[in-house]
Participant: 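Below: one structure in structure tokens.
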Amino acid sequence: MFTKILIANRGEIACRVAATARRMGIATVAVYSDADAHAKHVVACDESVHIGPAPAKESYLCADKIIAAALATGAQAIHPGYGFLSENAGFAQACADAGLVFIGPPASAIDAMGSKSAAKALMEKAAVPLVPGYHGERQESDFLRAEADRIGYPVLLKASAGGGGKGMRVVERSEDFEAALASCKREAISSFGDDRVLVEKYLTRPRHIEIQVFADGHGHCVYLFERDCSVQRRHQKVLEEAPAPGMHPDRRAAMGEAAVAAARAVGYVGAGTVEFIANQDGSFYFMEMNTRLQVEHPVTEMITGLDLVEWQLRVAAGEALPLKQEQLRLHGHAIEARIYAENPEKGFLPSIGTLTRMRSAPAVEFTLAAPGATQPAAVRIDAGVREGDAISPFYDPMIAKLIVWGEDRDAALRNMARALAQYQVVGLATNIGFLQRLIAGQAFATADLDTGLIERHRETLFPTPARPTTETLALATAALLQQEKRGQANNDPWAQTSGWRLNMPLRRMLSFEDESGHSSVKIDYAGDGQHWQLQVDGSTHTLALHESDTESLLINLDGRTLRAHVAREGQWLHLFDGRSQHSLRYLDPMAHAGHAEAEGGRLTAPMPGKIVALLVEQGASVAQGTPLLIMEAMKMEHTIAAPSAGTVEALRYAVGDQVAEGAQLLDFKAA
């Protein structure tokens with residue numbers, strides 16, 4: 001077994017690998033960029049090596065720097081995690097050439113599966129079912145469009161070297177093909193350095209089911225059952241679960257055997273995932289093979305009781321697989337939710353900022369079962385960031401993976417609902433509220449799954465913002481009153497907060513706003529600093545404030561006890577009541593108004609990024625909604641459209657220019 005390994009990645013996967021290595025008595029070396037000098041994964045490892053500036057192309061994607069760091073620290077092997085260089089055949093070969101063990105498949109297997117088109121040809125020879133499509137080398141746009149016309153719409157364009165939902169476009173009509181192809185190729189070359197694409201028939205209401213495979217260097221290969229990853233946005237997974245709901249044992253065996261055949265066809269060694277697209281009738285087709293550990297591997301660990309990272313390390317060290325196929329067993333049900341710094345209501349736009357608050361349900365980290373336990377913990381959290389860390393524009397905006405386990409799917413769903421309700425994140429936008437709506441929705445709750453679930457249920461998943469309830473406004477009011485009370489100057493008669501007045505009670509108006517609009521609360525003070533009457537939407541309520549700590553709030557509203565945790569950021573109050581989060585902006589009449597907000601429809605960069613396409617010329621007259629330019633940020637393309645009919649008076653940036661968040665991209669005059 002190894003005595004020291006280098007982890008060529010960052011975030012939660014680097015922390016995950018470090019935890020397993022420590023348990024096995026293996027020392028670990030972290031690598032880090034300028035942006036990650038104090039990151040959690042650096043602290044989690046025994047040693048660390050700086051490898052360059054924040055951009056991944058100058059640090060985590062520099063194979064020579066990583067190999068040099070491994071050699072300098074005496075590491076015997078490199079674990080690539082997932083992403084970055086994990087599926088780079090050249091990097092795997094460079095490790096071997098340097099006398100280092102690449103903890104993953106051989107370079108030949110990565111190379112074989114790295115090209116989707118070449119992989120499809122291999123799978124066809126191995127008798128693995130394939131989706132109808134074109135997987136060849138010809139890339140002329142006219143030819144690809146003709147192939148799409150032949151296959152029949154809708155079709156799916158996929159980057160041949162792609163993964164993780166990057167470089168994928170669904171095309172509904174022949175006339176939309178050229179624009180979709182251009183966008184797909186731009187994203188593919190940016191993400192993978194290869195703009196080749198393949199064209200496949202886009203199946204309606206398919207499920208995305210993947211099989212975890214594991215092979216050793218002694219000719220053994222097994223499948224560790226399946227994961228259902230159908231719930232996706234932008235072709236990226238949002239929820240994953242194992243086992244797949246409704247999976248018949250015969251179908252599981254057929255898919256598992258097909259996955260093993262795929263792995264054997266390329267001489268696979270290590271952990272890999274064979275992904276299938278499955279019809280509702282039970283038929284399934286090979287999509288691709290990810291030659292690495294997957295983000296969603298914890299759900300497989302939770303239902304099998306196995307540590308897949310430990311298996312990786314043992315297989316890479318030359319050991320045989322610990323178990324045979326007939327020894328593998330399923331136990332219970334697991335669900336994983338990816339908690340992201342993003343704004344689902346704005347097209348899942350990534351959010352950048354500091355995690356000023358990050359709290360969660362009681363959970364274990366990287367542990368499958370407590371010592372002596374017979375089943376996994378109900379909640380597990382794999383996180384690569386801590387409270388106080390920043391989500392930067394340089395890397396994936398994942399905050400954590402929230403994994404829950406239950407004796408059955410219903411129990412796992414209940415555990416997930418409780419765990420999400422207890423998650424508290426302040427400082428940037430998150431998808432937690434969206435995840436809560438998603439798991440509570442009838443489609444997911446009843447396992448009516450397909451890859452279009454989110455789009456089919458947009459009305460319920462993206463509801464019109466509701467006005468805050470009386471309870472929420474009462475909690476926000478109480479939070480302000482409590483803070484004022486604690487901040488009063490005890491010896492200053494003018495700073496008292498009891499509300500006592502000589503001739504009549506103090507009446508006060510508090511104003512709040514959120515996405516739903518403006519809300520007001522009238523307060524009548526009782527004069528004792530503990531009781532008030534509130535008027536909300538014409539109704540009167542009694543409020544009593546109980547003593548509590550600086551972050552907790554305990555009130556009595558009309559005889560009912562309400563509790564919440566409170567975090568304040570400037571004028572914003574973030575309330576966590578054990579069910580959901582409510583954020584209200586207090587409109588303090590004494591605060592400086594600040595700068596006037598920019599007029600609606602201002603064409604500014606939503607986040608730092610690069611201009612990749614200009615779609616109009618200076619002086620062009622455009623209709624409302626006309627695409628004006630495309631910028632790339634955090635490996636995703638964002639189209640900036642005209643807010644109204646008008647004229648493009650000036651283009652401020654050229655293709656290739658980097659722009660800062662909030663930068664005005666062009667001058668636009670409304671008609």
Participant: For Tyr653, check ring-ring contact (aromatic ring centres under 6.0 Å, His included) against everything at least two apart and list the hits.
Facilitator: none
Participant: Taking Gln571 for the side chain and Tyr586 for the main chain, is one N or O donor matched with an acceptor at less than 3.5 Å?
Facilitator: yes
Participant: Please identify each residue that fulfils ring-ring contact (aromatic ring centres under 6.0 Å, His included) with Tyr60, with sequence neighbours left out.
Facilitator: Phe84, Tyr395
Participant: Using side-chain heavy atoms (C-beta onward) and a distance below 4.5 Å, is Val379 in contact with Trp405?
Facilitator: no
Participant: For Leu461, is there any backbone N or O sitting under 3.5 Å from a side-chain donor or acceptor partner on Arg437?
Facilitator: yes
Participant: Got a second to check how far Arg585's CZ is from Phe512's CZ, nearest 0.5 Å?
Facilitator: 12.5 Å
Participant: Please check: side-chain N/O of Asp558 versus main-chain N/O of Thr542, any donor-acceptor pairing under 3.5 Å?
Facilitator: yes
Participant: Does Arg508 have any salt bridge (Lys or Arg N to Asp or Glu O under 4.0 Å) partners at least two apart in sequence or in another chain, and if so, which?
Facilitator: Glu484
Participant: State which residues pass salt bridge (Lys or Arg N to Asp or Glu O under 4.0 Å) with Arg380; sequence neighbours excluded, sorted by chain then number.
Facilitator: Glu301, Asp382
Participant: Within a radius of less than 6.0 Å around CZ of Arg386, do more than 12 heavy atoms belonging to other residues, nucleotides or ligands occur?
Facilitator: yes
Participant: So, does Thr356 use its side chain to make a donor-acceptor pair with the main chain of Val426 at under 3.5 Å?
Facilitator: yes
Participant: Verify the ring-centre separation between Phe434 and Phe348: is it less than 6.0 angstrom?
Facilitator: yes
Participant: Kindly write out the residues that satisfy salt bridge (Lys or Arg N to Asp or Glu O under 4.0 Å) with Arg169, not counting sequence neighbours, or none if the list is empty.
Facilitator: Glu187, Glu637
Participant: A quick test of your reading: do over 12 heavy atoms of other residues, nucleotides or ligands sit less than 6.0 Å from NE2 of His38?
Facilitator: no
Participant: Measure across Cys229 and Glu296 and return the closest heavy-atom pair with its distance rounded to 0.1 Å.
Facilitator: SG-OE2, 3.9 Å
Participant: Does Val295 offer a backbone N or O that forms a donor-acceptor pair with the side chain of Lys401 under 3.5 Å?
Facilitator: yes
Participant: By the definition side chain to side chain contact (heavy atoms under 4.5 Å, CB included), identify the one residue from Ile335, Leu449, Leu239 that meets it with Asp228.
Facilitator: Leu449
Participant: Once salt bridge (Lys or Arg N to Asp or Glu O under 4.0 Å) is applied, what residue pairs with a partner in residues 402-416 remain, sequence neighbours excluded?
Facilitator: Glu241-Arg409
Participant: Going by an N to O cut-off under 4.0 Å, is there a salt bridge joining Asp577 and Arg563?
Facilitator: no
Participant: Taking only residues two or more places apart in sequence or in another chain, which ones pass salt bridge (Lys or Arg N to Asp or Glu O under 4.0 Å) with Glu387?
Facilitator: Arg359
Participant: Is it the case that the side chain of His457 and the backbone of Ile454 share a donor-acceptor pair, with hydrogens and angles ignored and the cut-off at 3.5 Å?
Facilitator: no
Participant: Could you note down all residue pairs passing salt bridge (Lys or Arg N to Asp or Glu O under 4.0 Å) where residues 35-45 supplies at least one of them, sequence neighbours left out?
Facilitator: Arg10-Asp36, Lys40-Glu365
Participant: Filter on side-chain hydrogen bond (donor to acceptor under 3.5 Å, both in side chains), then keep only pairs touching residues 419-435, sequence neighbours left out; what's left?
Facilitator: Arg357-Gln424
Participant: Taking all non-hydrogen atoms of both residues, which atom of Gly625 and which atom of Ala641 are closest, and how far apart?
Facilitator: O-CB, 3.7 Å
Participant: Taking the side chain from Ser392 and the backbone from Phe394, do they hold a donor-acceptor pair closer than 3.5 Å?
Facilitator: yes
Participant: What do the steps show when you test Glu240 against Gln294 for side chain to side chain contact (heavy atoms under 4.5 Å, CB included), and what is the final call?
Facilitator: CA-CA 11 Å; Glu240 299 102 356; Gln294 290 278 84; over 6 Å; no
Participant: When you look at CZ of Arg467, are more than 12 heavy atoms from neighbouring residues, nucleotides or ligands closer to it than 6.0 Å?
Facilitator: yes
Participant: For His531, check side chain to side chain donor-acceptor pair (under 3.5 Å) against everything at least two apart and list the hits.
Facilitator: Asp528
Participant: Ser59: which residues meet the side chain to side chain donor-acceptor pair (under 3.5 Å) condition with it, sequence neighbours left out?
Facilitator: none
Participant: Are the side chain of Arg568 and the backbone of Gly570 linked by a donor-acceptor contact shorter than 3.5 Å?
Facilitator: yes
Participant: Given 3.5 Å as the limit, does a donor-acceptor pair link the side chain of Thr626 with the main chain of Val622, or not?
Facilitator: no
Participant: Could you name each residue pair satisfying salt bridge (Lys or Arg N to Asp or Glu O under 4.0 Å) that touches residues 442-458, not counting sequence neighbours?
Facilitator: Arg205-Asp448, Arg205-Asp450, Asp450-Arg456, Glu455-Arg458
Participant: Between atom CD of Gln664 and atom CG of Leu603, what is the distance when rounded to the nearest 0.5 Å?
Facilitator: 7.5 Å
Participant: Using atom types as modelled and distance alone, determine if a side-chain donor or acceptor of Thr540 lies under 3.5 Å from a backbone N or O of Gln535.
Facilitator: no
